[in-house]
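These notes concern the structure reproduced below.
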Amino acid sequence: MKLSRPARITLRVAAVLGFAVIYVPLLLVLVNSLNPDRSSSWPPPGVTFHWWADAWGSAGARHALVTSLKAGAGATGAALVLGTLVAFAVQRFRFFGREALSFAIVLPIALPGIVTGVALNTAFRTVLEPLGVGLGLFTVVVGHATFCVVVVYNNVIARLRRMPGSFEEAAMDLGANTFRAFTDVTFPLVRSALVAGGLLAFALSFDEIIVTTFTAGPDTQTLPIWIFSNMARPQQAPVVSVVAAVLVLLSVVPIYLAQRMSSDTASGSRI
Amino acid sequence: MEGKAIRLRGLRKVFGRTEAVSDVDLAVSDGEFFSMLGPSGSGKTTVLRMIAGFETPTSGTVELDGQDVTALAPFERDVHTVFQDYALFPHMTVEQNVAYGLKIRKVPKADRLRRAAEALESVRLEGFAKRRPAQLSGGQRQRVALARALVTRPRVLLLDEPLGALDLKLREQMQIELKELQREVGITFVYVTHDQDEALTMSDRMAVFDNGRIEQTGTPAEIYERPATPFVAGFVGTSNLLTGESAEHVVGKAGTFSVRPEKIRVLKETSDGTGGADGAAAAPEPGHTAATGTVAEVVYLGDATRFLVDLDAGGRLTAVQQNLETSSEDVAAYRGSRVRLQWHERHNFPVTGAT
């Protein structure tokens, strides 16, 4: 397509502005984490790793990081199992309510977090609390799993849709029993979709704050919650910047990997 | 051993409310190249899948080598399938694909690789062992699928429209290769196709399917020359049926008769009622059937010409003549002209079940 010179320039400026709005603040967080001045004055008078050391030493931040990792791992694990099972069920079998199920699985990602949060909070309080299970890490994992399942499900079902059922039949035809057919053929073919879905699910869980607020008990602090509650304290501002910078770096890795993985297989699994 | 590689008795398959296969009885002999011919939706693929074990019959039995295998899973049957889409495992190399059946059977690795190499050689794919299926052409994939299915020497090989995805030239070449390969390995082939030419040229025997039933079973010559039902007459070769009054008038008997187009001679009718170019007499030669009519359409086919003739007695017949000396200009001149059709009585085949 040919564009006029002014149009080209306008588009370029708009694009640069768009990216700037997203990435400059992120960069600022990184810069502030290295700013020796506690009140983040500009321009930074120098560079210091003092805050990074502080953050490393901060028991609250470290504890929150561990909680976040646990919650992410738990939610991702649950999502991998459930999302994969549902994807196989929906793709391979025809049953009553199949479309409805597919819709019900995907819906939570579109629901406002606050609705999910309030609903889960009420449910946990009325159902779990009488059983002696209070709000805590477990309820956070369940809350996160509701939307983590969606990304795993979407990834796996997309892969299954592109994969003819005759692969499994061919394996069985050649003598493989149902289990061998799955381990030799089906699993290797959906593996990268599982990894991609799992990484995305982890990234989603890791930075989730709204649902977490409603499902975490007072003693459970994930990293985003810790940041949120410490942001207002001027004392902690630099440490928060450090933690935020770490969060950015940590989320970039899985997203990058997931994207590479799904584009790899998109070209690699052409049949 | 009775020599029946496959025997189907009263095979039925119902999907929801549709009966895909009804009362199929069939016996395929050892080492036979057997085709199942029919339009799509005629149940032939479902029958194949029941032999392979992918579908469970609603009723009826499948016997392989005299043993009832109806309740056995696909991996418990000594039958391999070449799928329409080949179903080559994309994450494995060609060699791994071919050796997969051997690996499952716990054949030692060295042995496995040697036999895979032999199988690839038999389909002329030496040197492709390390490639991925995605790096092969359609014809090559098709050969890998064949090698993979043949490497374990099954008793029966099932082929589900294996040439459907190939272009015409390649398909014709593969038809010959498949037939040769089958003779070489001596394995029973059951070949599903909707292409009548394919079935006619390759099969020892064939069954014609329609609406989940077998309309006729026989050698290609039997099916072509003596179609048992109007459907077979129409599906295999060009439909040429004389029915009702026109049959009575032309053949002299009531009923429905099938005549193959290439058996009919087309003679130009002259004003004095005698035959045209080759001077045939007005009355049919002894032992011949004749009919007069008007040429409605002429189609020049290159090696032959097809005439569509509206009979005076009613109905329309197709006649095909080899273009021994005719050119396309001569052919055009026939359109609208009066002709006399003549064929030997033995080419009139009564067809049952006609309305």
Side-chain angles (χ1 to χ4, degrees), chain A residues 84 87-99 155-198 260-271, chain B residues 15-16 45 48-49 51-55 72-92 96-107 116 119 132-136 138 141 144-145 147-154 156-162 165:
Chain A
T84 309
F88 270 91
V90 167
Q91 179 62 21
R92 292 289 165 81
F93 301 102
R94 299 283 168 272
F95 51 88
F96 177 75
R98 179 170 153 270
E99 299 294 320
N155 266 277
V156 174
I157 201 143
R159 176 66 47 85
L160 288 179
R161 283 210 176 108
R162 280 192 299 162
M163 196 173 106
S166 52
F167 286 148
E168 239 163 85
E169 284 187 348
M172 291 208 242
D173 188 71
L174 293 166
N177 58 29
T178 322
F179 180 73
R180 279 293 303 260
F182 182 79
T183 55
D184 286 355
V185 176
T186 314
F187 183 70
L189 291 176
V190 296
R191 186 170 41 210
S192 56
L194 284 176
V195 175
R260 258 194 55 165
M261 197 99 48
S262 33
S263 65
D264 256 14
T265 48
S267 57
S269 68
R270 268 186 302 115
I271 315 217
Chain B
F15 292 111
T45 296
L48 193 84
R49 290 175 60 80
I51 300 174
F54 299 130
E55 306 282 356
L72 296 187
F75 47 85
E76 295 166 315
R77 303 183 184 198
D78 196 12
V79 166
H80 286 346
T81 310
V82 175
F83 292 84
Q84 189 169 10
D85 59 2
Y86 315 140
L88 299 178
F89 307 132
H91 60 300
M92 297 184 192
Q96 287 168 331
N97 262 286
V98 175
Y100 185 73
L102 299 170
K103 192 176 163 194
I104 293 281
R105 283 166 183 74
K106 302 197 168 65
V107 175
R132 297 268 169 167
Q135 295 166 289
L136 303 180
R141 282 181 216 180
V144 176
R148 184 176 69 174
L150 284 172
V151 73
T152 55
R153 296 288 149 136
V156 173
L157 188 70
L158 307 175
L159 302 104
D160 186 5
E161 310 227 4

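Just so we're on the same page: letters track the sequence lines, and every chain starts at 1.
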Contact class of R105(B) relative to chain A, heavy atoms under 4.5 angstrom | side chain
One option among A73(B), P74(B), A52(B), G53(B) has the most heavy-atom pairs under 4.5 Å with chain A, and it is P74(B)
Residue T81(B) versus chain A: region with a heavy atom under 4.5 Å | both
Where do E169(A) and F83(B) come nearest, in terms of heavy atoms and distance?
-> OE1-CE2, 3.7 Å
Residue, of I104(B), V82(B), V151(B), L158(B), that accumulates the most heavy atom pairs under 4.5 Å with chain A | I104(B)
Mind checking whether F167(A) and P90(B) have side chains closer than 4.5 Å, heavy atoms only?
-> yes
Taking the side chain as every heavy atom from C-beta outward, state whether M172(A) and E76(B) have any pair of such atoms under 4.5 Å apart.
-> no
Spacing of CG belonging to D173(A) relative to CZ belonging to F75(B), to within rounding of 0.5 Å = 11.5 Å
More than 12 foreign heavy atoms under 6.0 Å from CZ of F93(A): is that the case here?
-> no
How about L174(A) and L102(B): do any of their side-chain heavy atoms sit closer than 4.5 Å?
-> no
Drop me the distance from H91(B)'s NE2 to R191(A)'s CZ, to the nearest 0.5 angstrom.
-> 8.0 Å
